[in-house]
S.K.: 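This structure is in structure tokens; I'll ask about it shortly.
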Amino acid sequence: MHILYHIFIALYTLAIRLVAPFNKKAALWVEGRKKILLSISEKLRGNDAPVVWVHVSSLGEFEQGRPVIEKIKELKPHCKIFLTFFSPSGYEVRKNYTG
């Protein structure tokens with residue numbers, strides 16, 4: 001089963017890359033994953049505060065998790081929240097979320 005998962009992920013990634021020139025959401029998905037680990041490293045460079053990384057797959061999952069994020073900020077104001085999205089469209093809607 002494990003091998004089928006990896007095959008599916010590889011085929012999914014290939015399909016998205018093939019569709020990206022013709023589909024805005026697919027293009028955002030591809031663009032958002034370019035140098036992602038380097039981007040995360042740069043955003044956290046120089047930060048000495050504890051970090052809570054919250055990753056959500058969609059806008060709906062973000063909305064469900066928002067109370068958790070806000071509670072973390074209330075209970076641990078010294079912590080930084082690092083929020084990432086799997087969904088480019090969800091990210092576009094909430095990229096300016098101040099919480």
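Computed from a prediction, not measured in an experiment: that's the story for all the values here.
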S.K.: Side-chain heavy atoms nearer than 4.5 Å, only ILVMFWY residues, links allowed to pass through others: does that put W29 and I9 together?
M.R.: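 Looking at the clustering, I9 is in the same group as W29.
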S.K.: Can you sort out the partners of E63 under salt bridge (charged side-chain N to carboxylate O under 4.0 Å, His left out), two or more places apart, ordered by chain and number?
M.R.: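 E63 satisfies salt bridge (charged side-chain N to carboxylate O under 4.0 Å, His left out) with R66, R94 only.
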S.K.: What are the two closest heavy atoms between E61 and S57, and how far apart are they?
M.R.: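 Looking at all heavy atoms of both residues, the closest pair is OE2-N, 3.0 Å.
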S.K.: Between F62 and F85, how do the two ring planes meet: parallel, tilted or perpendicular, split at 30° and 60°?
M.R.: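 Geometry flag for F85 against F62: tilted rings.
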S.K.: Between CD of Q64 and CG of L59, what distance do you get to the nearest 0.5 Å?
M.R.: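 Separation between the atoms: 10.5 Å.
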S.K.: Are Y5 and I16 in one and the same hydrophobic cluster, where Ile, Leu, Val, Met, Phe, Trp and Tyr link if side-chain heavy atoms are under 4.5 Å apart?
M.R.: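 Yes, same cluster.
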S.K.: Would you check if L4 and F8 make a side-chain contact, meaning some heavy-atom pair closer than 4.5 Å?
M.R.: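 Side-chain contact under 4.5 Å: no.
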S.K.: Please identify each residue that fulfils side-chain contact (heavy atoms from CB on, under 4.5 Å) with L37, with sequence neighbours left out.
M.R.: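 side-chain contact (heavy atoms from CB on, under 4.5 Å) check on L37 returns nothing, list empty.
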S.K.: Could you check E31 against K34 for salt bridge (charged side-chain N to carboxylate O under 4.0 Å, His left out), going step by step and ending with a plain yes or no?
M.R.: CA-CA 5 Å; E31 189 61 33; K34 286 183 181 174; 3.2 Å; yes
S.K.: Using the ring of each side chain (for Trp, its six-membered ring), is H2 parallel, tilted or perpendicular to H6, with breaks at 30° and 60°?
M.R.: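 Perpendicular.
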S.K.: To check you understand the geometry: which heavy-atom pair defines the closest contact between V30 and A20, and what is its length?
M.R.: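 So the minimum-distance heavy-atom pair works out to CG2-CB, 3.9 Å.
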S.K.: Output a table of donor-acceptor pairs, distance under 3.5 Å, between side-chain atoms of residues 42-56 and any protein atom two or more places apart or on a different chain; print 'none' if there are none.
M.R.:
{"unit_1": "N47", "atom_1": "OD1", "unit_2": "A49", "atom_2": "N", "d": "3.4"}
{"unit_1": "N47", "atom_1": "ND2", "unit_2": "A49", "atom_2": "O", "d": "2.9"}
{"unit_1": "W53", "atom_1": "NE1", "unit_2": "T84", "atom_2": "OG1", "d": "2.9"}
{"unit_1": "H55", "atom_1": "ND1", "unit_2": "T84", "atom_2": "OG1", "d": "2.7"}

